[in-house]
2 protein chains.
Amino acid sequence: MGATKNELFSARQNGTSVLLKALAHPARIAILELLLKEESCICGHIVDKLPLSQPTISQHLREMKEAGLILGSVEGNSICYCLNPDTLDKLRDYFSGVSEKLKKKSIACC
Amino acid sequence: MGATKNELFSARQNGTSVLLKALAHPARIAILELLLKEESCICGHIVDKLPLSQPTISQHLREMKEAGLILGSVEGNSICYCLNPDTLDKLRDYFSGVSEKLKKKSIACC
DNA sequence: CATCTTTATCGTAATATTGCAATAAAAGAA
DNA sequence: TTCTTTTATTGCAATATTACGATAAAGATG
């Protein structure tokens, strides 16, 4: 035991939870919000702005990249990171759907 | 080391990550979707529908309740759980805002 | 070339999460 | 009250996450 039993759930449920897990940390929320605000998205800039060490930020960036939340491109010596609109639209659509279905139910049982 | 350094981030960033962490597991996504679909939300019903043990489901329900995602009310011998629309609207608003801001930027740098 | 800058990876310690058997707690039924 | 049903809690093993120093890798610069 100890590990999440992914195999017991649907691919869509696992996919959704993977996306949310990739944002389930304040540093990764901070990275999302920084990339949303700033023009430049050089990796070193992110490291400078956040109060964690360079290896730690690099690890967070990799998790976000593996989940498809951000894209990275080589820019000479450094790496340019930015948000992946497609993935963020998926999350928007998911929670829009949830709120909408919930409003239609309105069988407030609690 | 090892623990998340929450104190280095803003209250809003921590709050957002807490909400997302409470959904960052396929079982908790499955619970969300079950409560969205079903009329009845008796705890035992959730346990019957999901492929995990009763103590494990109880633990997931507690995490979702502590994050404010679900509400629970005593119903005689059992507990009735249902989704908290306010919290889910917050998530919808958050990701709607992200997608909108991202569309306005459109400085596709990667 | 050698050196500097930038980012990624390795290794590891500290901590958190996941899952469940066993058990407790709480309320209804007999 | 005693028994049953329902949910929560405890305790623990397995695994995952977080953070960072040290170091490697890759490209720029002199």
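Atoms considered below: every heavy atom in the structure, side chains included; atoms not considered: hydrogens, waters and symmetry mates. Here is how names work: the chains are called A, B, and so on, in the same order as the sequence lines, proteins then strands, and each is numbered from 1.
In this structure the side chain of B:V74 reaches within 4.5 angstrom of the side chain of B:I79, judged on heavy atoms. Contact check for B:I31 versus B:I46: side-chain heavy atoms found under the 4.5 Å cut-off. Contact annotation: the side chain of A:T87 never approaches that of A:I70 to less than 4.5 Å [non-hydrogen atoms, C-beta and beyond]. Residues A:K65 and A:N84 fail the side-chain proximity criterion, which asks for heavy atoms closer than 4.5 Å. A 4.5 Å side-chain heavy-atom check between B:L83 and B:L35 finds at least one atom pair inside the cut-off.
Sorted by first then second residue, the salt bridge (charged side-chain N to carboxylate O under 4.0 Å, His left out) pairs that include residues 20-29 of chain B, not counting sequence neighbours, are B:R28-B:E63. Evaluation of the side chain to side chain donor-acceptor pair (under 3.5 Å) test over residues 8-20 of chain B, restricted to residues two or more places apart or in two chains, returns A:E33-B:Q13, B:S10-B:Q13. Residue pairs that meet the ring-ring contact (aromatic ring centres under 6.0 Å, His included) test with at least one member in residues 60-97 of chain A, sequence neighbours left out, are A:H25-A:H60, A:F95-B:F95.
Nucleic acid contact for A:L61: none, since no nucleic acid atom lies under 4.0 Å from a heavy atom of the residue. Across all strands shown, A:S78 has heavy atoms under 4.0 Å from sugar-phosphate atoms exclusively, and none from any base. B:S58 comes within 4.0 angstrom of a base, heavy atoms only. Here A:T56 lies in heavy-atom contact (under 4.0 Å) with a base.
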Please tabulate the protein-to-nucleotide N/O contacts below 3.5 Å involving nucleotides 22-26 of chain D, giving atom names and distances.
none

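Annotation: proximity of residues 63-74 of chain A to DNA chain C (heavy atom, distance under 4.0 Å) is found for no residue. Near DNA chain D, meaning a heavy atom under 4.0 Å from it, residues 43-50 of chain B has B:C43, B:G44 in order of number. Interface residues of residues 10-26 of chain B facing DNA chain C, ordered by number: B:K21, B:H25; criterion, heavy-atom separation under 4.0 Å.
In this entry the distance linking CD1 of B:I57 with C1' of D:dT9 reads 16 Å, nearest Å. A:I42 places its CD1 atom 14 Å from the C1' atom of D:dA28, with the value rounded to the nearest Å. The nearest whole Å value for the distance from the CZ atom in A:R62 to the C1' atom in D:dA16 is 14 Å.
For D:dT6, neither phosphate oxygen OP1 nor OP2 lies less than 4.0 angstrom from any side-chain nitrogen or oxygen of B:Y81. Contact check, A:H60 against D:dA19: a side-chain N or O comes under 4.0 Å of OP1 or OP2.
A:L52 contributes atom CG, which lies 9.5 Å from atom OG1 of B:T4 (distance to the nearest 0.5 angstrom). Of the inter-residue distances, the one linking A:L8 atom CG with B:L50 atom CG reads 10.0 Å to the nearest 0.5 angstrom.
Counting heavy atoms of neighbouring residues, nucleotides and ligands inside a 6.0 Å radius, atom CD of B:E38 exceeds 12 of them.
Under the rule for a side chain to side chain contact (heavy atoms under 4.5 Å, CB included), the partners of B:D89 that lie at least two apart in sequence or sit in another chain are A:S99, B:R92. Residues satisfying the side-chain hydrogen bond (donor to acceptor under 3.5 Å, both in side chains) criterion with A:S78, sequence neighbours excluded, are absent altogether. Applying the side-chain hydrogen bond (donor to acceptor under 3.5 Å, both in side chains) test to A:S53 and every residue at least two apart in sequence or in another chain returns A:T56. Listed by chain and residue number, nothing satisfies the side-chain hydrogen bond (donor to acceptor under 3.5 Å, both in side chains) test with B:S58 (two or more places apart in sequence, or in another chain).
Taking a heavy-atom distance under 4.0 Å as the criterion, the stretch of DNA chain C touched by chain B extends 5' to 3' from C:dA14 to C:dA27.
Heavy-atom nearest nucleotides on DNA chain C were determined for A:C80 and for A:K5, and the one closer to the 5' end corresponds to A:C80. In this structure, A:Q59 and A:A3 both approach DNA chain C, and ranking their closest nucleotides by distance from the 5' end singles out A:Q59.
Taken together through direct or relayed side-chain contacts under 4.5 Å among Ile, Leu, Val, Met, Phe, Trp and Tyr, B:V47 and B:I42 form parts of separate hydrophobic clusters.
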